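Quick caveat, the model's predicted, so the values are computed rather than measured.
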Amino acid sequence: SLPTKYINCSSQKCVCSDCFYATNSYKSCAYQRCWEYNKTTQTCNDLRKDQRTAFFLSLFLSPLGAANLYIEQVVIGGLQLAIFVGFPILGLCIWAYIFAFCFDHNDSNESVLYIFAFCCFDRNASNEDQKKRILWPLNVLCIVWILVIMMWWAADIVAFAEDLRTSGDGCPLRHNLGN
């Protein structure tokens, strides 16, 4: 049975608080899934994720997916983390490939900066041709990557500030950002 401490059923309508919600007919109350009633202490525990925590995680760590992982939106948070961490790792792998296979390491004229700045799919091409063919697509990819991260970051900040997100279990966030 439900505790009467949180339920007021007078005038043939029930008013429920905290752990409970009024059924469609308002004649009874039922447990809310976002709250937990402790029968021993007769208290309600709010299981919802904190909006303030989610907002500050989005403000400072959104590119890592921290806010979405906190609210148990694992797919979105994992995708943010993969984009933020995966792209630089892919870039490092590309540069390692370039270093390992594209340059003659016995040539003392090739400095480390030179090696990391140019790639040669065609060993006979001049350095200027290599720059034009290889570096501009990599620069475009970097700019797109930065823009995607910045737009997603801004969207997350707005979504958490305006409380537009729910946690992974479908519960709304606990409203406490303006408090």
Side-chain angles (χ1 to χ4, degrees), residues 2-11 13-96 116 135-179:
L2 299 176
T4 57
K5 175 180 176 181
Y6 295 101
I7 301 169
N8 179 6
C9 289
S10 61
S11 305
K13 280 195 172 185
C14 289
V15 177
C16 313
S17 62
D18 291 338
C19 296
F20 311 99
Y21 68 93
T23 59
N24 290 342
S25 63
Y26 290 96
K27 293 189 179 193
S28 65
C29 294
Y31 286 105
Q32 288 196 40
R33 66 185 167 130
C34 303
W35 293 78
E36 174 185 70
Y37 179 71
N38 186 328
K39 291 181 182 180
T40 307
T41 61
Q42 294 186 346
T43 58
C44 285
N45 300 320
D46 191 351
L47 301 177
R48 297 175 300 166
K49 298 293 182 177
D50 189 58
Q51 180 191 9
R52 182 181 299 138
T53 302
F55 172 76
F56 283 110
L57 284 171
S58 73
L59 188 62
F60 297 111
L61 298 172
S62 188
L64 294 172
N68 286 301
L69 292 172
Y70 167 71
I71 66 167
E72 298 172 359
Q73 293 285 357
V74 180
V75 173
I76 296 171
L79 185 59
Q80 281 178 302
L81 182 62
I83 289 171
F84 186 73
V85 175
F87 189 83
I89 290 173
L90 178 64
L92 288 174
C93 291
I94 290 170
W95 290 123
F116 283 107
L135 291 182
W136 78 265
L138 291 177
N139 288 337
V140 169
L141 281 175
C142 287
I143 291 168
V144 168
W145 174 71
I146 290 168
L147 288 174
V148 165
I149 288 173
M150 290 178 70
M151 287 187 296
W152 201 338
W153 190 359
D156 266 0
I157 290 170
V158 169
F160 287 111
E162 296 296 320
D163 200 20
L164 302 174
R165 301 291 304 277
T166 59
S167 62
D169 58 5
C171 293
L173 300 180
R174 183 175 33 246
H175 307 287
N176 64 354
L177 188 60
N179 300 344

Heavy-atom side-chain contact between Val144 and Phe87 under 4.5 Å: no

Exceeds 12 heavy-atom contacts within 6.0 angstrom, atom CH2 of Trp153: no

Leu79 vs Trp152 side-chain heavy atoms within contact, under 4.5 Å: yes

Sub-4.5 Å side-chain heavy-atom contact between Ile71 and Thr53: no

Non-hydrogen atoms of Asn38 and Thr40 that approach each other most closely: OD1-N, 2.9 Å

Nearest atoms (heavy-atom pairs only) where Phe160 meets Ser58: CD1-CB, 3.5 Å

Residue Glu72 excluded, over 12 heavy atoms near CD under 6.0 Å: yes

Test item: Leu47 and Cys34 side chains (from C-beta on) under 4.5 Å apart, heavy atoms: no

CG-OH distance between Leu173 and Tyr70, expressed to the nearest 0.5 angstrom: 8.0 Å

Donor-acceptor pair, side chain of Arg165 and main chain of Asn68, under 3.5 angstrom: no

Gln73 side chain to Thr166 backbone, donor-acceptor under 3.5 Å: yes

Reported CZ-to-CG distance for the pair Arg52 and Asp163, which is rounded to 0.5 angstrom: 12.5 Å

Single hit among Leu57, Ile157, Asp156 for side-chain contact (heavy atoms from CB on, under 4.5 Å) with Ser62: Asp156

Student check: side-chain heavy atoms of Arg48 and Ser167 closer than 4.5 Å: no

Asp169 to Arg33 - nearest heavy-atom pair and separation: O-NH1, 2.6 Å

